[in-house]
There are 2 protein chains.
Amino acid sequence: MVFDTEKFIPGQSVDCVIVGFDKEGLKILILRWKLVGLWGLPGGFVLKSEDLDKAATRVLNERVGISLPFLQQFHTFGKKDRRANETRFSHLSKMQVPQTFLDWFGQRFISTGYVSLVNLNDCDPKPDHLSDLIHWCPLHELPDLIYDHSSIVEGAIDFIRNQINYLPIGRRLLPEKFTMKELQQLYESILEKKLDRGNFQRKMLKLGIFIRHEKHLEGGAHKAPYLYSFDGDKYDALLKKGIGFAS
Amino acid sequence: MVFDTEKFIPGQSVDCVIVGFDKEGLKILILRWKLVGLWGLPGGFVLKSEDLDKAATRVLNERVGISLPFLQQFHTFGKKDRRANETRFSHLSKMQVPQTFLDWFGQRFISTGYVSLVNLNDCDPKPDHLSDLIHWCPLHELPDLIYDHSSIVEGAIDFIRNQINYLPIGRRLLPEKFTMKELQQLYESILEKKLDRGNFQRKMLKLGIFIRHEKHLEGGAHKAPYLYSFDGDKYDALLKKGIGFAS
DNA sequence: ACAAAAGTGTTTATAATACACCCATGA
DNA sequence: TCATGGGTGTATTATAAACACTTTTGT
């Protein structure tokens, strides 16, 4: 076996919904399991002497190479049959796999779901030893995922939408410099509704957490937009009270 | 031993923050452990073939005799030392307690916290086999609780405050019939701030989820207030969208 | 008739919404 | 110069907040 099951707490796992954003919209990081060719979320187990949060941080670091990620627990999935419903694994037992592996993966797991907001450009996604492919998949084009991972993603998105004013949405998902339009599109992707351009811009700028830079240069037969970045300290201070967006 | 540790998932527990309300304010149900004389939250373990939510429901039913409780998971507490920090248990090992018991309680537990909103009048609190006293304690008079239970309560209250518009606050915490003043005091207890009487009343009544009954009769040298109850269907329908209160 | 608390109304301030106007840019 | 999209302004509406007035009741 590739890992030593003795080191981990049995029956306890973490699953990470790693969210990115680019001009196409929100993306979720998924990976394909070698043995069965099915897609799932990056996840892992909890070391016997490791904080639960730490386990999630470790998974994230191993998977996308981000060492100080934004990571927040949102729900613990504890249905007794949440893995038993997965029939696509059943042939595995007939394969040439060590019994300890089968025993470990055959147990019931209670899994805690974490959301991470990352900047796609800062990521260096790497498959793990169980997976052969890793993919930033547009949220609305996700394939069927193993186990209950599809509903874990759904829970994560609901959580983000619900907590939108208290999560570092812009700061974590956008690159250092961005245009107001990009920020607006980000909020629109999450809320899945159009926002008024003028009102959004005014409301945002009134928050006083932006630094305005030189003009955008690149193409487009139109007025070039300003580039903004966040004033980190002011952003963090305001986030505690909630960063309201134009609803 | 009083229970068979073989039946339960090792290392996994649930803790319930059971919240009630009366004219004195918010109350939390706590119980005192026989062996050590310390107060803690009602909690329990998860059967090997039982949903996590079901375990919490079972604990609640056993503790306050409510069979269809409002119960919602809010956070999973997974710090590796969340129980190890409790030194007041250390003498237990010297006592006359079965080794299986010590082994079980000595493990690291990852515990999922649940909030329950109950009507004090409908409750019939019963201590369990490990506790000798059960007590509805005013939120702001809570004693030191074992392990990290104090921070679990804190997390629960933060959760309620945060989700106040999406939780059946009035419906679950108040008796069938209540006055507007009682409803207002309930919101004030949770938010820990005074609300304007007139604005609160108007905003609430505009929601259209109330049924107005005959006049209150009992004492007080003043105008008797109306009694209200909730229109259950309308309440539930509105709750999904959020029941806004006067902030 | 008075105090106390309930019910209701009024005014003002603030924020949300819709939409209009002008400006800069590259084709 | 024209189309496109950016930046900003304005009018309207809705909501929040503060507080005043009236009503009912028991003493």
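In what follows, chains carry the letters A, B, and so on, assigned in the order in which the sequence lines appear, proteins first and then strands, with residues in each chain numbered from 1.
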### Task
Mind calculating the distance between NZ (B:Lys203) and P (D:dA17) to the nearest angstrom?
7 Å
### Query
Rounded to the nearest Å, what distance is computed from the CE atom of residue B:Met204 to the P atom of nucleotide C:dT8?
16 Å
### Query
Is it true that the NZ or CZ of A:Arg171 lies under 6.0 Å from the centre of A:Tyr235's six-membered ring and within 45 degrees of the ring axis?
yes
### Query
Roughly, in whole Å, what's the span from NE2 in B:His222 to P in C:dA5?
6 Å
### Message
Is it the case that the ring center of B:Phe230 lies less than 6.0 angstrom away from the ring center of B:Phe178?
### Response
yes
### Nearest heavy atoms of A:Leu167 and A:Leu239, plus distance in Å
O-CD1, 3.5 Å
#### Entry: Ion pair A:Lys126/A:Asp124, N-O distance below 4.0 Å
yes
### Query
How close or far is atom P of C:dC21 from atom CD of A:Gln201, stated in whole angstroms?
19 Å
### Task
State whether the distance check finds a donor on one side and an acceptor on the other, under 3.5 Å, for side chain B:Arg202 versus base C:dG9.
yes
### Task
Starting at atom CG of A:Leu207, determine the distance to atom P of C:dA16, rounded to an integer number of angstrom.
10 Å
### Message
Quick check for you: among D:dG6, D:dC19, D:dT8, whose closest atom lies nearest to any side-chain atom of B:Asp196?
### Response
D:dC19
### Task
Send over the distance from A:Met180 CE to D:dT8 P, rounded to a whole Å.
10 Å
### Message
Rounding to an integer number of Å, can you tell me how far B:Arg212 CZ sits from C:dG7 C1'?
### Response
8 Å
### Query
Choosing from C:dT8, C:dA5, D:dT8, which nucleotide comes nearest the side chain of A:Leu205?
D:dT8
### Query
How many Å lie between CG on A:Leu183 and C1' on D:dG7, as a whole number?
16 Å
### side-chain contact (heavy atoms from CB on, under 4.5 Å), paired with A:Ser229, selected from A:Ile209, A:Ile211, A:Leu174
A:Ile211
### Query
With nearest nucleotides of DNA chain D determined for B:Lys206 and B:Arg197 from heavy-atom distances, which residue corresponds to the more 5′ nucleotide?
B:Lys206
### Query
Nearest to the side chain of B:Tyr226 - C:dA4, C:dG7, D:dG5?
C:dG7
### Query
Does A:Asn199 get its side chain close enough to the base of C:dA18, under 3.5 Å, for a donor-acceptor pair?
yes
